[in-house]
There are 2 protein chains.
Amino acid sequence: MFIVLLKKIGERYGVMHDFPERIPIFVENDFIHQEVGKILIESSCRRQYSPGEVIVVEGTDRRILLSIISGYVSLERKLKNEDSVIFDFSGPGAFIGFVELDFYTFTARCLSRVDLFIIPASTMKNLMANYLPIRNFIMKKMSQRIAHLNDHVALLARARARQRLALFLLERRWSGINYDRESREITLPMSRTDIANNLGLTQETVSRIFRDFEKEKIISIKNHNWIIMENIESLTMISSWPSTKLSN
Amino acid sequence: MFIVLLKKIGERYGVMHDFPERIPIFVENDFIHQEVGKILIESSCRRQYSPGEVIVVEGTDRRILLSIISGYVSLERKLKNEDSVIFDFSGPGAFIGFVELDFYTFTARCLSRVDLFIIPASTMKNLMANYLPIRNFIMKKMSQRIAHLNDHVALLARARARQRLALFLLERRWSGINYDRESREITLPMSRTDIANNLGLTQETVSRIFRDFEKEKIISIKNHNWIIMENIESLTMISSWPSTKLSN
DNA sequence: CGATCCCTTGATATCTGTCAAGGGTTGTGG
DNA sequence: CCACAACCCTTGACAGATATCAAGGGATCG
């Protein structure tokens with residue numbers, strides 16, 4: 001498997017862990033043949049972005065694919081309203097744009113300083129035509145994305161605000177490259193507004209519910225971007241599904 | 001292109017159009033090589049289901065794929081709550097289960113009498129390995145599904161009830177095989193509860209808003225399953241995005 | 001003709017959005 | 001090193017949309 005150097009992240013957002021210096025570029029059990037990985041890296045370039053920068057814009061031609069090395073990105077859609085919907089947050093190890101065919105279905109905006117590989121879509125197309133593992137890899141990614149979107153639809157359709165935030169926090173625990181799956185600490189590289197736009201709420205509601213959770217000793221809020229889950233059992237209970245009804 | 005006979009639908013739900021006798025099995029501009037289509041049909045069997053019957057269950061192994069000839073199916077997830085979320089409604093021409101890899105991410109339930117082809121997943125796998133057009137077809141389907149789910153996430157996250165229903169009605173117009181794209185008539189093979197579960201609302205709200213639309217002369221409700229859009233411009237205005245705010 | 005299922009309508013409760021004001025933190029410039 | 005601005009977060013009061021609860025109506029089926 002191809003290995004790349006990884007910059008340490010977290011100048012801007014108070015981070016407690018330093019990431020290790022080396023990580024495999026293809027993570028999450030998605031094994032790709034070493035040779036193919038090499039081709040992919042050799043035909044790609046590396047670039048850094050600053051917080052707030054937009055990398056790709058919804059609706060434009062899909063010319064490049066991204067592989068995040070460090071930092072966090074939001075995949076979102078701006079509505080005519082001035083407010084927006086965030087489909088997902090992507091962190092180190094994520095692949096962006098692999099799942100679309102002709103044009104981007106989202107706008108990618110940097111939440112922090114971001115370091116990534118840019119892979120030309122044409123390269124990927126050639127690789128996909130010729131290498132079965134790459135093809136399977138992409139199809140698996142697409143399939144996972146659909147499963148995840150189904151979950152998110154269920155969340156938005158039937159979960160109340162507390163349940164949405166509990167699910168959000170629990171999912172954050174597992175998202176991206178997490179080297180300590182038993183950790184109770186979560187970094188939130190995104191703002192309250194971003195969380196609200198992801199969960200179909202407002203920033204005020206997000207803020208209030210975080211405070212409620214803190215009062216109930218379910219979480220500790222160290223700062224805006226750093227939360228400790230003090231009582232994961234409670235969070236799990238709040239997140240679990242019979243709690244939809246107003247009465248609960 | 002391979003052609004199959006199509007049964008007329010609509011014994012149960014008052015339908016105004018009879019579908020033509022012959023339709024191509026692969027529709028929506030998804031051209032598949034005739035030979036491949038033939039292989040697909042030859043290795044599949046045809047079956048009928050009654051309203052309410054469950055064809056595949058969420059979480060079980062993906063053994064069969066479905067191609068709907070006539071009738072309507074809901075793709076849904078039962079929550080522990082007793083209520084459920086409907087991801088999508090599928091009608092004639094739809095492909096079900098093509099987008100998943102290992103197991104079903106939904107339960108498929110018949111809304112009406114359904115006539116369909118059952119294709120073994122193993123057959124599809126072989127075809128995909130050997131035929132580029134099939135592969136492209138599946139990837140395109142997956143990509144479309146992701147785009148559609150993104151739209152639905154945006155709807156659930158940021159649209160109010162009236163807007164959701166306007167979007168729903170406008171989308172119904174184009175869904176499935178629609179031979180008269182200028183038609184103002186819509187059939188609703190699903191119940192109010194099903195619509196509510198699709199849009200993240202309750203049946204009461206759906207019912208009330210339909211009545212409101214009727215009072216405002218935007219639609220006429222012929223019966224539960226038959227609606228005429230009297231004022232598509234108004235519907236479009238209600239559905240368009242600046243109307244999210246409560247004040248509007 | 002009753003049973004069942006779904007739809008409709010009304011009264012009420014409650015969640016969460018909206019509006020508004022203030023606080024904390026970060027960054028910049030004197 | 002301090003002042004100020006900008007940005008985001010927090011908190012409160014209030015309003016309004018929609019869920020809940022309840023009762024009744026209409027169609028379909030045996």
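Everything quoted here is computed from the prediction, not taken from an experiment. Proteins get letters first, then strands, A, B, ... in listed order; numbering begins at 1 in each.
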Partners passing side chain to side chain donor-acceptor pair (under 3.5 Å) against A/Thr205 (at least two apart in sequence or in another chain): A/Thr202
Those residues that, when tested against B/Thr105, pass side chain to side chain donor-acceptor pair (under 3.5 Å) (two or more places apart): A/Asn150, B/Glu100
Expressed in angstrom and rounded to an integer, what is the separation of [X] atom [atom1] from [N] atom [atom2]?
X        : N      : atom1 : atom2 : result
B/Arg164 : D/dA17 : CZ    : C1'   : 11 Å
A/Gln163 : C/dC15 : CD    : C1'   : 14 Å
A/Asp212 : D/dC9  : CG    : P     : 17 Å
A/His224 : C/dT25 : NE2   : P     : 7 Å
A/Asn223 : C/dT25 : CG    : P     : 9 Å
A/Gln203 : C/dA20 : CD    : C1'   : 13 Å
B/Arg162 : D/dG16 : CZ    : C1'   : 15 Å
B/Asp194 : C/dC5  : CG    : P     : 15 Å

B/Glu204, nearest nucleotide to its side chain (from D/dC8, D/dA22, D/dA19): D/dA22
Out of C/dG17, C/dT18, D/dC9, whichever nucleotide has its closest atom nearest the side chain of B/Arg160: C/dG17
Beyond-backbone contact of A/Arg211 with A/Ile221, side-chain heavy atoms, under 4.5 angstrom: yes
Output field: ring centroids A/Phe98/A/Phe95 closer than 6.0 Å: yes
5' priority, DNA chain C, between A/Gly200 and B/Thr193 [closest heavy atom]: B/Thr193
Whether [X] contacts [N] is assessed here as follows: a side-chain N or O lying under 4.0 Å from the phosphate OP1 or OP2. Is that the case?
X        : N      : value
A/Ser207 : D/dC9  : no
A/Thr205 : C/dG17 : yes
A/Arg192 : D/dC8  : no
A/Thr202 : C/dG17 : yes

Check: B/Arg192 main-chain N/O paired with B/His224 side-chain donor or acceptor under 3.5 Å: no
Touch class at under 4.0 angstrom, heavy-atom based, for B/Gly52 against every strand present: nothing
Base C/dT18 to side chain A/Arg208, donor-acceptor N/O within 3.5 Å cut-off: yes
